[in-house]
Colleague: 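Could you have a look at this structure, given as structure tokens, before my questions?
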Amino acid sequence: MRPIFHPSLVNGRYGDPTVYVETLFKTHSVLFDLGEIASLSPRKIRRVDQIFVSHAHIDHFVGFDHLLRLHVGLEKTVHLYGPAGFAERVFHKLQAYRWNLVESYGADLIFVVSELETPNSISTRQFRLKNAFAAEPPVSKTILDGVLSDERTRRVSAAILEHGTPCLGFALQEAAHVNIWKNRLSERGLPVGPWLQWLKQAVVEGRPDDHLIRIDGAAASDGRLEPLGNLRDLLTVTAGQKIAYVTDVVDTPANRAAIVALVRNADILFIDAAFARTDAALARERGHLTTTAAGEIAREANVRRVEPFHFSPRYAGEEERMLAEVMTAFRGPTSDATT
């Protein structure tokens with residue numbers, strides 16, 4: 001399966017927590033947390049249209065000003081999601097600057113900020129550059145099971161976790177993954193081309209069998225049209241890719257249960273592993289996971305790959321040790337075969 005989501009740790013395993021997710025064939029990108037982002041190119045930052053912030057501690061939100069600076073002057077809407085009280089913090093960030101010249105700008109920058117108040121309710125308010133980012137009245141709505149964003153091709157869900165303050169974990173789920181059988185294309189004399197992306201999109205969006213697909217991808221009226229139903233045998237639909245992100249959570253039974261439910265069967269889990277196995281007491285005091293806890297949670301959730309991060313600087317130079325502890329717990333106990 002060729003993955004559609006391409007995530008990367010922006011600042012490595014020790015730096016500010018931030019994961020940048022590019023989407024294949026799309027011009028928009030996603031950020032999980034908004035720590036220091038200066039290492040990202042301006043082009044990449046300007047592609048971001050959704051940002052999911054776990055909580056507003058400085059190492060998770062300090063990159064907002066850099067992102068703001070690069071977006072002023074663009075005609076753009078950026079959606080931000082965070083825990084209760086997050087919109088007020090965004091508002092104060094924006095109001096730290098003077099916007100008395102905004103009437104001369106030709107483009108409007110809009111931040112749409114949503115707070116997950118409960119697993120089934122979300123509050124959203126909007127801030128517009130041309131209004132000097134004045135706070136507009138909030139609008140509340142009911143959601144289901146922490147689903148923050150539900151598009152035809154992808155969905156982002158969140159769980160409210162505990163870090164001495166509400167802290168969100170996130171899961172990005174592709175609606176479905178569509179693979180084309182190139183040998184069947186050849187057997188039917190059909191070309192490879194842009195039309196295959198339209199075919200995939202029609203399937204993911206649940207179009208009916210009589211939905212017409214232009215085979216050659218041309219805009220000309222004499223292009224060959226085929227009903228979707230006649231083309232379904234060319235492809236296979238499988239469960240979509242899933243990327244999960246969890247950081248800054250204390251190791252409690254409630255947190256573990258909520259994390260496992262959120263990230264179950266993820267293809268990649270980015271998970272906080274701030275402290276070594278032997279420093280469990282310190283991890284609990286600071287509201288973080290140990291390497292062992294991170295590996296155990298990943299194993300229980302049946303994730304395919306675990307990517308630990310947010311290592312404490314006290315373990316500088318010990319990355320191999322930290323990774324080994326996570327992987328030992330992830331693989332689980334082994335026993336020698338007996339005869």
Colleague: Has the side chain of Q95 got a donor or acceptor atom that lies under 3.5 Å from a matching backbone atom of A132?
Modeller: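 Side chain of Q95 to backbone of A132: a pair is present.
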Colleague: If you round to the nearest 0.5 Å, how far is CZ of R155 from CG of D145?
Modeller: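 One gets 9.5 Å once the value is rounded to the nearest 0.5 Å.
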Colleague: Salt bridge (charged side-chain N to carboxylate O under 4.0 Å, His left out) between D108 and R128: does it pass, once the steps are laid out?
Modeller: CA-CA 7 Å; D108 200 7; R128 303 175 65 100; 2.7 Å; yes
Colleague: Find out whether T124 and V112 are in side-chain contact, i.e. whether some heavy atom of one side chain is under 4.5 Å from a heavy atom of the other.
Modeller: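 Heavy-atom side-chain distance check passes, below 4.5 Å.
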Colleague: Relative to the ring of H55, is the ring of H60 parallel (under 30°), tilted (30 to 60°) or perpendicular (over 60°)?
Modeller: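 Aromatic pair H60/H55 classed tilted.
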Colleague: Less than 4.5 Å apart, any side-chain heavy atom of L228 and any of L199?
Modeller: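 They are in contact (side-chain heavy atoms under 4.5 Å apart), so the answer is yes.
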Colleague: Between E296 and R299, is there a side-chain N and carboxylate O pair less than 4.0 Å apart?
Modeller: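 Salt bridge absent between E296 and R299.
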Colleague: Using the side-chain contact (heavy atoms from CB on, under 4.5 Å) rule, pick out the option among V90, V102, L109 that qualifies with F133.
Modeller: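 When side-chain contact (heavy atoms from CB on, under 4.5 Å) is applied between F133 and each of V90, V102, L109, only L109 qualifies.
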Colleague: Under a single-linkage rule joining Ile, Leu, Val, Met, Phe, Trp and Tyr whose side-chain heavy atoms are separated by less than 4.5 Å, which residues share a cluster with V62?
Modeller: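 Its cluster partners, ordered by chain and number, are I58.
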Colleague: With a 6.0 Å cut-off (strictly less than), is the heavy-atom count around CD of E320, excluding the residue itself, greater than 12?
Modeller: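 Counting other residues, nucleotides and ligands, CD of E320 stays at 12 neighbours or fewer.
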Colleague: Of the non-hydrogen atoms in H57 and D248, which two are nearest, and what is the gap between them?
Modeller: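 Distance-wise, the nearest heavy atoms are ND1-OD2, 4.4 Å.
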Colleague: Does the side chain of H310 come under 3.5 Å of the side chain of D272 through a donor N or O and an acceptor N or O?
Modeller: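 Checked: H310/D272 side chains show no N/O donor-acceptor pair below 3.5 Å.
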Colleague: Please give me the minimum heavy-atom distance between T18 and Y245, naming the atom from each residue.
Modeller: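 Looking at all heavy atoms of both residues, the shortest contact is N-OH, 4.2 Å.
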Colleague: Give a yes-or-no answer on whether the side chains of D33 and S54 include a donor-acceptor pair shorter than 3.5 Å.
Modeller: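 Distance-only check passes for D33 and S54.
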Colleague: Would you please test R154 and I4 for side-chain contact (heavy atoms from CB on, under 4.5 Å) and show each step?
Modeller: CA-CA 11 Å; R154 66 182 187 183; I4 188 171; over 6 Å; no
Colleague: Just by distance, do the side chain of W99 and the backbone of K130 share a donor-acceptor pair under 3.5 Å?
Modeller: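 The answer is no, because no donor-acceptor pair under 3.5 Å joins these two groups.
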Colleague: Ignoring hydrogens and geometry, is there a side-chain-to-backbone donor-acceptor pair from Y14 to Y315 under 3.5 Å?
Modeller: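 Pair found, side chain donor or acceptor close to backbone of Y315.
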Colleague: Run the numbers on R284 and D251 for salt bridge (charged side-chain N to carboxylate O under 4.0 Å, His left out), then give the verdict.
Modeller: CA-CA 7 Å; R284 177 173 290 274; D251 188 7; 5.4 Å; no
Colleague: For V53 and P83, which heavy atoms make the closest approach, and how far apart are they?
Modeller: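 Here V53 and P83 meet closest at O-CD, 3.7 Å.
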Colleague: Does atom CZ of R69 have more than 12 heavy-atom neighbours, drawn from other residues, nucleotides or ligands, at distances under 6.0 Å?
Modeller: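 Open: at most 12 neighbouring heavy atoms sit under 6.0 Å from CZ of R69.
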Colleague: I'd like to check the ring-ring contact (aromatic ring centres under 6.0 Å, His included) partners of F170; sequence neighbours left out, ordered by chain and number.
Modeller: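 Here the qualifying residues are F32, F52.
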Colleague: Give the C-alpha distance, both sets of side-chain angles, the deciding distance and a yes or no for side-chain contact (heavy atoms from CB on, under 4.5 Å) between N131 and L129.
Modeller: CA-CA 5 Å; N131 289 340; L129 173 65; over 6 Å; no
Colleague: Would you say V303 and N265 make side-chain contact, with heavy atoms under 4.5 Å?
Modeller: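 No. Closest side-chain heavy atoms not under 4.5 Å.
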Colleague: Might you point out which heavy atoms bring P138 and S123 nearest each other, and give the distance in Å?
Modeller: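 Here P138 and S123 meet closest at CB-OG, 3.7 Å.
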Colleague: Would you call the rings of F64 and F111 parallel, tilted or perpendicular, where under 30° means parallel and over 60° means perpendicular?
Modeller: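 Tilted, since the angle between the ring planes falls between 30° and 60°.
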Colleague: Could you check if a side-chain atom of S140 sits within less than 4.5 angstrom of a side-chain atom of I122, using non-hydrogen atoms only?
Modeller: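 Counting from C-beta outward, S140 and I122 never come under 4.5 Å.
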Colleague: Is a donor on one side and an acceptor on the other found under 3.5 Å between the side chain of E36 and the backbone of N11?
Modeller: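 Pair absent, no side-chain N/O of E36 close to backbone of N11.
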Colleague: V263 and side-chain contact (heavy atoms from CB on, under 4.5 Å): which partner among N302, L269, I268?
Modeller: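 Single side-chain contact (heavy atoms from CB on, under 4.5 Å) partner of V263 among N302, L269, I268: L269.
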Colleague: To check you understand the geometry: which heavy-atom pair defines the closest contact between R46 and L70, and what is its length?
Modeller: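 In terms of heavy atoms, the two residues are closest at NE-O, 3.1 Å.
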Colleague: Under the ring-ring contact (aromatic ring centres under 6.0 Å, His included) test, which residues partner H71, sequence neighbours left out?
Modeller: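 In terms of ring-ring contact (aromatic ring centres under 6.0 Å, His included), with neighbours along the sequence ignored, H71 is linked to no residue.
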Colleague: Mind checking whether V178 and T236 have side chains closer than 4.5 Å, heavy atoms only?
Modeller: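 Result no, sub-4.5 Å side-chain heavy-atom pair not found.
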Colleague: With respect to F270, which candidate in V246, T247, I243 satisfies the side-chain contact (heavy atoms from CB on, under 4.5 Å) definition?
Modeller: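 Running side-chain contact (heavy atoms from CB on, under 4.5 Å) over V246, T247, I243 with F270 returns exactly one hit, I243.
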Colleague: If you define the side chain from C-beta out and look only at heavy atoms, does anything of L190 sit under 4.5 Å from R224?
Modeller: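 Heavy-atom side-chain distance check passes, below 4.5 Å.
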Colleague: Could you state the interatomic distance from CD1 (I215) to CG (L212), rounded to the nearest 0.5 Å?
Modeller: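 One gets 10.0 Å once the value is rounded to the nearest 0.5 Å.
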Colleague: In sequence, state the C-alpha distance, the side-chain angles, and the governing distance for E319 and R13, and then conclude on salt bridge (charged side-chain N to carboxylate O under 4.0 Å, His left out).
Modeller: CA-CA 8 Å; E319 183 171 329; R13 301 191 195 276; 3.4 Å; yes
Colleague: Decide yes or no for R314 and F275: does some side-chain heavy atom of the first lie under 4.5 Å from some side-chain heavy atom of the second?
Modeller: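 In short, these two side chains touch, coming nearer than 4.5 Å.
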Colleague: Could you check whether F61 and F86 have their ring centres less than 6.0 Å apart?
Modeller: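 Yes, they do, as the ring centres are separated by less than 6.0 Å.
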Colleague: Using a strict 4.0 Å threshold on nitrogen-to-oxygen distance, state whether D49 and K76 make a salt bridge.
Modeller: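 No salt bridge links D49 with K76.
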Colleague: Could you walk me through whether L234 and L185 pass side-chain contact (heavy atoms from CB on, under 4.5 Å), step by step?
Modeller: CA-CA 7 Å; L234 299 175; L185 286 176; 3.9 Å; yes
Colleague: Taking S8 for the side chain and V10 for the main chain, is one N or O donor matched with an acceptor at less than 3.5 Å?
Modeller: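 Answer holds: no.
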Colleague: Rounded at 0.5 Å granularity, tell me how far NZ in K93 sits from CG in L67.
Modeller: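 Answer for the NZ-CG pair, K93 versus L67, is 10.5 Å.
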Colleague: Identify whether the distance between the nearest side-chain nitrogen and carboxylate oxygen of K242 and D267 falls below 4.0 Å.
Modeller: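 No, K242 and D267 are not salt-bridged.
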Colleague: Do Q50 and S149 pair up side chain to side chain, a donor and an acceptor below 3.5 Å, judged on atom types alone?
Modeller: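 A donor-acceptor contact under 3.5 Å links the two side chains.
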Colleague: If you apply the rule salt bridge (charged side-chain N to carboxylate O under 4.0 Å, His left out), what do you find for E22 with R47, and how did you get there?
Modeller: CA-CA 9 Å; E22 293 186 275; R47 292 182 63 173; 3.7 Å; yes
Colleague: How many angstroms lie between atom CG of L231 and atom CZ of R184, to the nearest 0.5 angstrom?
Modeller: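 Between atom CG of L231 and atom CZ of R184 there are 12.5 Å.
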